[in-house]
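First comes the structure, then the notes that go with it.
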Amino acid sequence: IMLHSTLALSLLLIAVSSNLAMAIKKEKRAPQTLSRGWGDEITWVQTYEEGLYQAKKSNKPLMVIHHLEDCQYCQALKKAFAENEEIQEMAQNNFVMLNLMHETTDKNLSPDGQYVPRIMFVDPSLTVRADITGRYSNRLYTYEPQDMPFLIENMKKALRLIQTEL
């Protein structure tokens, strides 16, 4: 009888741990749908509010990417963004990441209009960094595929500004 119950217990433990392993795997795969092609290894937050909360909690800047599925400029930027190892690594380790296909109610995220693609940074102090701009004077927060080095510089700037100002 002892052997029987030990066996039953072992089987139960195996069943529980494999379910747990599957749950953990699922947990790790959850961001895939939120990534929308911007980087499957990145943990994406679901909402702007969650992004602000995580930024404050983790003391990391929030990077907000506004885009639309049927926008060719967004698609081109997404491809360049997803294929850039340095951007992907920084996004995974140093930023709270959010990509949105709708506008937020925070008007600070559209200081010069609601165009896409648009990338903005929010400090852990919850200040929108309108001063971190791209190369184009007519759309301050847009980036094109060839602007990845510029985006990398702006990501580094967003990280630097935290350390100096907080």
Side-chain angles (χ1 to χ4, degrees), residues 23-24 26-71 73-144 147-166:
I24 289 168
K26 265 202 195 81
E27 192 57 45
K28 218 172 143 48
R29 238 190 345 245
Q32 305 292 348
T33 51
L34 291 177
S35 92
R36 300 186 181 95
W38 289 89
D40 287 343
E41 297 305 310
I42 297 169
T43 304
W44 298 89
V45 293
Q46 203 155 0
T47 63
Y48 182 55
E49 292 66 31
E50 186 192 344
L52 293 175
Y53 173 77
Q54 292 293 349
K56 200 173 175 69
K57 199 175 85 167
S58 65
N59 198 37
K60 292 177 177 178
L62 167 64
M63 183 175 185
V64 184
I65 305 171
H66 283 94
H67 64 106
L68 289 171
E69 210 46 68
D70 54 5
C71 151
Y73 302 104
C74 301
Q75 293 293 2
L77 179 63
K78 179 192 298 189
K79 190 175 183 318
F81 187 97
E83 287 170 0
N84 188 300
E85 279 178 36
E86 193 175 353
I87 287 177
Q88 290 293 307
E89 190 171 322
M90 274 200 286
Q92 283 170 49
N93 300 316
N94 308 110
F95 286 84
V96 175
M97 297 295 296
L98 172 66
N99 70 74
L100 284 179
M101 299 208 293
H102 59 85
E103 286 296 334
T104 65
T105 50
D106 187 346
K107 294 288 166 257
N108 297 315
L109 283 181
S110 50
D112 65 340
Q114 298 187 336
Y115 52 85
V116 291
R118 188 167 88 248
I119 299 179
M120 299 206 66
F121 297 93
V122 184
D123 214 77
S125 68
L126 307 189
T127 311
V128 174
R129 303 290 332 210
D131 54 337
I132 303 180
T133 57
R135 299 194 319 158
Y136 308 99
S137 55
N138 59 337
R139 292 184 166 199
L140 292 176
Y141 308 98
T142 202
Y143 296 84
E144 293 187 357
D147 299 332
M148 292 307 95
F150 206 84
L151 180 58
I152 290 168
E153 278 314 300
N154 278 348
M155 289 171 84
K156 288 178 179 167
K157 189 191 279 183
L159 292 168
R160 245 195 339 269
L161 290 174
I162 289 177
Q163 285 142 15
T164 55
E165 290 181 12
L166 284 188

>> Looking at Leu109, is its backbone amide N or carbonyl O close enough to the side chain of Arg118 to form a donor-acceptor pair, meaning the two atoms are under 3.5 Å apart?
In response: yes

> Should Glu153 and Arg135 be marked as a salt bridge (Lys or Arg N to Asp or Glu O under 4.0 Å) after you check the CA-CA gap, both sets of side-chain angles, and the distance that decides it?
Replying inline: CA-CA 12 Å; Glu153 278 314 300; Arg135 299 194 319 158; over 6 Å; no

> NZ of Lys156 to CG of Asn94: how many Å apart, nearest 0.5 Å?
Replying inline: 10.5 Å

> Quick one: does Lys60's side chain have a donor or acceptor within less than 3.5 Å of a partner on Asn93's backbone?
Replying inline: yes

> Taking all non-hydrogen atoms of both residues, which atom of Leu100 and which atom of Val64 are closest, and how far apart?
Replying inline: CD1-CG1, 4.2 Å

> Any side-chain heavy atom of Leu52 sitting closer than 4.5 Å to one from Tyr48?
Replying inline: yes

>> Rounded at 0.5 Å granularity, tell me how far CE in Met90 sits from CD1 in Ile42.
In response: 10.5 Å

> Is there side-chain contact between Met120 and Pro111, with at least one heavy-atom pair below 4.5 Å?
Replying inline: yes

> Sub-3.5 Å donor-acceptor pair from the side chain of Asn108 to the main-chain atoms of Val128, do we have one?
Replying inline: no

> Atom CG of Leu159 and atom CZ of Phe121: how far apart are they, to the nearest 0.5 Å?
Replying inline: 8.5 Å

> Between NE2 of His102 and CG of Leu68, what distance do you get to the nearest 0.5 Å?
Replying inline: 10.5 Å

>> Could you report the tightest heavy-atom contact between Ala55 and Pro124, atom names first, then the distance?
In response: O-CB, 3.5 Å

> Are any of the side-chain heavy atoms of Asn154 and Ile119 separated by less than 4.5 Å?
Replying inline: no

> Hey, is the main chain of Glu144 close enough, under 3.5 Å, to the side chain of Asp147 for a donor-acceptor pair?
Replying inline: yes

>> Just so I know, are the side chains of Glu69 and Lys78 near enough to count as touching, which here means a heavy-atom distance under 4.5 Å?
In response: yes

> With distance as the sole test, does Trp44 use its side chain to make a donor-acceptor pair with the main-chain N or O of Thr33 at under 3.5 Å?
Replying inline: no

> Where the side chain of Gln88 meets the backbone of Phe81, is there a donor-acceptor pair that is under 3.5 Å apart?
Replying inline: yes

> Is it true that a side-chain atom of Asn99 and a backbone atom of Leu34 form a donor plus acceptor pair closer than 3.5 Å?
Replying inline: yes

>> Minimum heavy-atom separation for Asp131 and Leu161, please, with both atom names.
In response: OD2-CD1, 4.2 Å

>> Would Arg139 and Tyr136 count as a cation-pi pair here, with the cationic atom under 6.0 angstrom from the ring centre and within 45° of the axis?
In response: no

> Tell me, do Leu151 and Met63 make a side-chain contact under 4.5 Å, heavy atoms counted?
Replying inline: yes

> Backbone N or O of Gln46 within a donor-acceptor pair of the Glu50 side chain at under 3.5 Å?
Replying inline: yes

>> Distance check, rounded to the nearest 0.5 Å: Met101 atom CE versus Ile65 atom CD1?
In response: 12.5 Å

>> For a quick test of reading the model, state the closest non-hydrogen atom pair linking Gly51 to Val96 and the distance between them.
In response: O-CG1, 3.8 Å

> Which atom names give the shortest non-hydrogen contact between Leu77 and Pro117, and what distance separates them?
Replying inline: CD2-CB, 3.5 Å

>> Which residue is it: Trp38, Tyr115, Tyr141? I am looking for the one with a ring-ring contact (aromatic ring centres under 6.0 Å, His included) to His67.
In response: Trp38

>> Quick one, His66 and Thr104 - any side-chain contact, counting heavy atoms below 4.5 Å?
In response: yes

> How far apart are the C-alpha atoms of Asp106 and Val122, what are their side-chain angles, what is the distance that settles it, and do they pass the side chain to side chain contact (heavy atoms under 4.5 Å, CB included) test?
Replying inline: CA-CA 12 Å; Asp106 187 346; Val122 184; over 6 Å; no

>> Can you give me the closest heavy-atom contact between Cys71 and Val116, atom names plus distance?
In response: SG-CG2, 4.1 Å

> Got a donor-acceptor contact below 3.5 angstrom from the Gln92 side chain to the Thr43 backbone?
Replying inline: no

>> Do Met155 and Glu86 make a side-chain contact, defined as non-hydrogen atoms from C-beta onward lying under 4.5 Å apart?
In response: no

